[in-house]
Amino acid sequence: MKIHITDSDWKSIDTDLLIYPVSETSPPSAQPGSGPDEPLDALVAELMGSGEWKPSKGSSIILFAPRGCAARRVGLIGLGSSSSLDSGSFRTAVMNTVRSLRSAPVKRVTAVIGNMSDQEEACRMLFEGIFLGRFDPGVYKSSGSTVDDSFTMTLVSSLDQEKTQLIEEQSEILSDAVNLARKLSNEPGNLLCPESFVGEVQAAASGTDLGIEVMEEKELREKGFGCLLAVAQGSSNKPRLCILEHNPDPGEPPIILVGKGVTFDSGGISIKPSASMEEMRVDKSGACSVLGVMLAISRLKLPSRVIGIMPLVENLPGGNAQRPGDVVTAYNGTTVEIINTDAEGRLILADAMAWAIEKYKPRCLVDIATLTGACVVALGHHRAGLFSNENNLCAQLLEAADRGGEKLWRMPLDDEYKESLESKIADIKNCGDRWGGAVTAAKFLESFIGETPWCHIDMAGTDFFQSGINKGTPPGFGVRTLVEFVKLIAGRDS
Ligand code: BES
Ligand code: MN
Ligand code: ZN
């Protein structure tokens, strides 16, 4: 993206879209270079006065610019009433604006950020909003993509060129990672199976310093991944375990990230109702986010050793599918009574986590998964559930989510919840009764973790059925949080 920085008067800049932040408390005419006689400010004041638009946090509206303003269109961005910038909602508002104009002839964008409280952060959120807003989910439309990447950006700001360029590069790395996660997790089940997912990982990782290892069915069987194989056996698409390694310092115990990669979840023999079943193509989002994080941290050259693990299966009710009542043996020897074949995510995660802990002796492990409908019932679509056996690690992850502009909420892990997983014939059942399903799923995972400091993110609500902007397109939840988490552990602030 070509960037010009100017401190000249925005009113005279000839541009296709002017991004113009407006605060609830100070009227537009109070901004430098503005005034009640200025046609755009007069229009904004009128909109606010009549109550037709309120500059609340995260809101946005697109107008054709009034006569006397050199811009063609104006995207008003609501800042709310607080004097400090709310990063996440600023980014969302920019993203919404850019997204609505995706197929409009917008080649020159100008943003007025010189009067904002934290210009660096505003600039970062602006770039992320633009990159994320230009993402086009319509890849299978025969009319082709309408998004044109060649456009220029003018910033009305007092930031210097070098700093801005650096922010732009970092935002692009992060947004590329998020957009790749969004694109892959939205792929249809017939076009992306475990094997071709590995192909995508290889393509994405080529040209980076990431190490890649792939286990196929035979090796998984020899090594004893009994739970993962039990899920996979109902589909003719064979499972994979894909491992990416970012290893700037081989001596160091790694951070391990594990992402659920169910390329399609029909439920298996415990088959799901048909309404909305097509959304279960997104059940590989955890793996997609882990892939995104690994690419971003490698391109950002973060100094920590990180291993990303993607267990990949398809959960179908084929003739060889596992049945309710089966007993399978996990990688670590635990015997599991299968009660519901639709509780498959925890099975593949359990094997992957137990293997990773044995092999890498990590300093900590974070798993991320679209794990339970119960988590959607508990928290809705705005926060993902966070479960942890270690308070410090949990606090770091919450801090990372905050920095990344994503929302987590800590959930309980009391031992009483484990009672419903007691089996009469095996060590554990793969699901409990109806109640507290997000917690019992986390308790199941916890039993494969041992003493390793661990966090589990259940993003079933935040990654699926998103309202508003992301409706129908998964948002790549978790990528920003986990990149921030790795930065935090590496002691890097930006
Ligand atoms: N992939 C689903 C969880 C899910 C549900 C994600 C709704 C997004 C939206 C998971 O594999 C699943 O089916 N979980 C079951 C567990 C139950 C059988 C114990 C569920 O939540 O119903
Ligand atoms: Mn399921
Ligand atoms: Zn699932």
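We use all heavy atoms of the structure for the numbers below, so side chains are in, but hydrogens, waters and symmetry mates are not. Read the numbers this way: they start at 1 and go in the same order the structure lists the ligands and their atoms.
Salt-bridge annotation for E484 and R480: absent, with no side-chain N of the basic residue lying under 4.0 Å from a carboxylate O of the acidic one. Salt bridge E187/K284: absent, no basic N to carboxylate O contact under 4.0 Å. With salt bridges taken as basic N to acidic carboxylate O contacts below 4.0 Å, one links D415 and K443. Salt bridge present: D176 and R299 bring a charged side-chain N and a carboxylate O closer than 4.0 Å. No salt bridge links R124 with E168; every basic N to acidic carboxylate O contact stays at or beyond 4.0 Å. Ion pairing of D249 with R305 is absent here, as no side-chain N (NZ or NE/NH1/NH2) approaches a carboxylate O to less than 4.0 Å. Salt bridge present: K359 and E213 bring a charged side-chain N and a carboxylate O closer than 4.0 Å. The residues K260 and D367 are annotated as not salt-bridged, no charged nitrogen and carboxylate oxygen being separated by less than 4.0 angstrom.
Of all atoms in ligand 1, numbered sequentially from 1 with element shown, those under 4.0 Å from a heavy atom of C431 are 19 (C). Against a heavy-atom cut-off of under 4.0 Å, N340 is close to the following atoms of ligand 1: 18 (C). Atom numbering of ligand 1 starts at 1 in the shown order; those under 4.0 Å from a heavy atom of K260 are 1 (N), 10 (C), 11 (O). Distances below 4.0 Å separate heavy atoms of T370 from the following atoms of ligand 1: 1 (N), 2 (C), 3 (C), 6 (C). The M280 neighbourhood of ligand 1 comprises atoms 1 (N), 4 (C), 5 (C), 6 (C), 7 (C), 8 (C), 9 (C), with distances under 4.0 Å to a heavy atom of that residue. Short contacts between ligand 1 and G373, defined as distances under 4.0 Å to a heavy atom of the residue, involve ligand atoms 3 (C), 4 (C), 5 (C), 7 (C), 20 (C), 21 (O). Short contacts between ligand 1 and E344, defined as distances under 4.0 Å to a heavy atom of the residue, involve ligand atoms 11 (O).
Looking at V282 against ligand 1, nothing comes within 4.0 Å, counting heavy atoms. Residue R346 touches ligand 1 through its side chain alone, judged by heavy-atom distances below 4.0 Å. No part of K284 comes within 4.0 Å of ligand 1, judged by heavy-atom distances.
Here K260 reaches the Zn ion (ligand 3): one of its N/O/S atoms is less than 2.8 Å from the metal. For the Zn ion (ligand 3), the set of nearby N, O or S atoms under 2.8 Å includes none belonging to D342.
The aromatic ring centres of W454 and F448 sit 6.0 Å or more apart. Between F135 and F131, the distance separating the two ring centers is not shorter than 6.0 angstrom.
Considering backbone and side-chain N/O of D342, one or more are found under 3.5 Å from N/O of ligand 1. At under 3.5 Å, a nitrogen or oxygen of D283, whether backbone or side chain, sits near a nitrogen or oxygen of ligand 1. Backbone and side-chain nitrogen or oxygen atoms of A343 are examined, and none is located within less than 3.5 angstrom of a nitrogen or oxygen of ligand 1.
Donor-acceptor pairing under 3.5 Å is recorded for the side chains of E406 and T481. Donor-acceptor pairing under 3.5 Å is lacking for the side chains of N320 and Q233.
Looking only at its N/O/S atoms, E344 has OE2 as the one nearest to the Zn ion (ligand 3). The closest approach of D283 to the Zn ion (ligand 3), by N/O/S atoms, is made by OD2. Shortest distance from the Zn ion (ligand 3) to D265 is reached at OD2 (N/O/S atoms only). For D265, the N/O/S atom at the shortest distance from the Mn ion (ligand 2) is named OD2. The name of the N, O or S atom in E344 nearest to the Mn ion (ligand 2) is OE1.
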Exercise for the section: Show the numbers, then the answer: is there a side chain to side chain contact (heavy atoms under 4.5 Å, CB included) between E121 and F90? Expected result: CA-CA 10 Å; E121 181 69 359; F90 183 64; over 6 Å; no
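Ligand 1 lies out of reach of R434, whose nearest heavy atom is not under 4.0 Å from it.
If you check each of D265, N430, T372 against atom 2 (C) of ligand 1, the one with the closest non-hydrogen atom is D265.
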